[in-house]
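If you're wondering where the values come from, they're calculated on a predicted model, not measured in any experiment. Numbered from 1 within each chain, the chains take letters A, B, ... in sequence-line order. Only this structure's heavy atoms are used, side chains among them; waters, hydrogens and symmetry mates stay out.
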Amino acid sequence: MRRLLESRVDDEDRSLFVAGVKDSLPLLTGIVPFSIIVGITGVEFGLTAIEISVMSALAYAGSSQLAAIFLMADNTTIFLVVVTAVLINVRFAIYSASMAPRFQSLSWLKKVVYSFLLVDTIYALSMSRFPERKAGRSHWYYFGGGLALWSFWTLGTVIGAGMGVGVPESFPVDLVLPLVFIALLFPILEGRPSAATAVVAGGVATVAAPLDYNFGLLVGVGCGLVVGVSLNR
Amino acid sequence: MSGIATMPTAWVWIHILAIAVATYALRVSFIGLFSYYEVPEGIKDQMSLIPPAVLAALAVPPLFYRDGGFYLSPLNPFLIAGLTAALVAWRTESLIGTIVSGFGAYFLVTAVPIA
């Protein structure tokens, strides 16, 4: 009975939830265009509007979704599609470790839902805003922001999927993905080791591009990491 | 190139679910399972190299290798588009700006008959 009372939502919880929603709104200018691009690209490469929208809603990780679309369109193996998604998204495990102590005392249902909402943006938001929020309740802030970001992400893909249908035949769709990957790459380069990693990974993957099933991708990533890690010491 | 249109629908859904489950497993890993474990800073540093490696390995090959052959000419429109986009991405870090400038360069090169 006491546990039930404790988990009841009161006004303070609600205002923290709303604060999370509000703080997430400025981030939408970055998220929604990306999400729209994911929707357009998915449809252009042969997914149905429903497939790409559900993919956005469930996988909720744009870069890995685009990588998956790229690899699926190139008739590669499901193994490589999943490995690539895991590599791109492995940072979520670090975020998970970092959030775990704050979610320690919550119910398993909250842990299940909050884990699902964990992405770069809500993580960054919580990292900078959590400490000033009230202890034991600050997770409502995470929930508000996380839910808003997920909703707009999914909505953006639905809109993009609708727009994708109108793209003319002559448009060079094959160019979309390399350009998006370039746009996503530069902001995460910080310092010489990561730049060297990217140069080697890109160069080796190109030379190894004729390998079957896009395995050149893994060869490139492996070589890039060897160089990056050795520089990072 | 698009092999997705010819893929059986069920197989497409299996891909979608596989990506979703794998990604969720990463998210729930520490929150749901071992809450007390603290990832050492050194490992975090090394792991932060993985996304740049994957994104570069995805971005670069299509600029040079298309339809089963290498295309190394300096007038290769994909290469020019990619280099323009890289410059804009580096200077502005703008997603839309990068894509628009890349396509702009592509259409410019393909519209103007050089050589």
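Residues B/L55 and A/I188 have side chains in contact (heavy-atom distance under 4.5 Å, counting atoms from C-beta outward). For the pair A/Q65 and B/I19, the minimum side-chain heavy-atom distance is 4.5 Å or more. Using a 4.5 Å cut-off on side-chain heavy atoms (C-beta onward), A/I94 and B/F30 make no contact. Two residues are said to be in side-chain contact when any heavy atoms from C-beta on lie closer than 4.5 Å; A/T84 and B/V54 meet this criterion. The shortest side-chain heavy-atom distance between A/V54 and B/W13 falls under the 4.5 Å cut-off. Between A/Y60 and B/T23 the shortest side-chain heavy-atom distance does not fall below 4.5 Å. Within the 4.5 Å cutoff, the side chain of A/F181 has no heavy atoms near those of the B/P62 side chain. Proximity of B/F78 to A/D174: side-chain heavy atoms (C-beta onward) are separated by under 4.5 Å at one or more points.
A/Y95 does not touch chain B: none of its heavy atoms, backbone or side chain, sits under 4.5 Å away. When heavy atoms are compared at a cutoff of 4.5 Å, A/L185 approaches chain B by way of both its backbone and its side chain. Of the atoms belonging to A/I36, not a single heavy atom falls under 4.5 Å from chain B. Proximity to chain B (any heavy atom under 4.5 Å) is shown, for A/V112, by both the backbone and the side chain. Of the two parts of B/I96, only the side chain, counted from C-beta on, holds a non-hydrogen atom closer than 4.5 Å to a non-hydrogen atom of chain A. Using a 4.5 Å cut-off between heavy atoms, A/V200 does not touch chain B at all. Proximity to chain B involves both the backbone and the side chain of A/V86, based on heavy atoms less than 4.5 angstrom apart.
Going from atom CD1 of B/I31 over to atom NZ of A/K111 covers 9.0 Å, rounded to the nearest 0.5 Å. To the nearest 0.5 Å, atom CZ of residue A/F116 and atom CZ of residue B/R27 are 7.0 Å apart. Separation of atoms CG (A/L179) and CG (B/L63) is listed at 7.5 Å; rounding is to 0.5 Å. Of the inter-residue distances, the one linking A/L217 atom CG with B/L58 atom CG reads 5.0 Å to the nearest 0.5 angstrom. To the nearest 0.5 angstrom, B/W90 atom CH2 is 11.0 Å from A/L189 atom CG. Taken from CG in B/L26 to CG in A/L87, the straight-line distance is 9.5 Å, to the nearest 0.5 Å.
Here the closest non-hydrogen pair linking A/I69 and B/I4 is O-CD1, 3.7 Å. In this structure, B/G82 and A/I182 approach most closely via the heavy-atom pair O-CD1, 3.6 Å. Residues A/P210 and B/Y65 approach most closely at CA-OH, 3.5 Å, considering heavy atoms. Taking each heavy atom of B/A20 and A/L58 in turn, the nearest pair found is CB-CB, 3.8 Å.
Chain A forms the most heavy-atom pairs under 4.5 Å with one residue out of B/S101, B/P61, B/G69, and that residue is B/P61. Between chain B and the residues A/F34, A/Y114, A/F92, the most heavy-atom pairs under 4.5 angstrom are made by A/F92. Interface remark: of the candidates B/L49, B/V12, B/I16, B/L49 forms the most heavy-atom pairs closer than 4.5 Å to chain A. In terms of non-hydrogen atom pairs under 4.5 Å with chain B, the most contact-rich of A/A209, A/G224, A/P33 is A/A209. Among A/S96, A/A93, A/A61, the residue with the largest count of heavy-atom pairs under 4.5 Å with chain B is A/S96. Put simply, of B/R66, B/M7, B/H15, the one with the most heavy-atom pairs under 4.5 Å next to chain A is B/H15. Counting heavy-atom pairs under 4.5 Å between each of B/A57, B/S94, B/G68 and chain A puts B/A57 at the top.
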Intermediate values then yes/no, side-chain contact (heavy atoms from CB on, under 4.5 Å), A/I88 and B/I50:
CA-CA 7 Å; A/I88 292 177; B/I50 298 175; over 6 Å; no
For B/V88 and A/F186: C-alpha separation, side-chain torsions, deciding distance, then whether side-chain contact (heavy atoms from CB on, under 4.5 Å) applies.
CA-CA 10 Å; B/V88 172; A/F186 278 86; over 6 Å; no
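No more than 12 heavy atoms of other residues, nucleotides or ligands shown are found within 6.0 angstrom of CZ on A/F152. For B/F107, the CZ atom counts as densely surrounded, since its 6.0 Å shell holds more than 12 non-hydrogen atoms of other residues, nucleotides or ligands. Around CG of A/L109, the count of heavy atoms belonging to other residues, nucleotides or ligands within 6.0 Å exceeds 12.
Ring centroids of A/F171 and B/F103 are separated by less than 6.0 Å, placing the two rings close together.
A/T197 contributes no side-chain N or O that, together with a main-chain N or O of B/A53, makes up a donor-acceptor pair within less than 3.5 Å.
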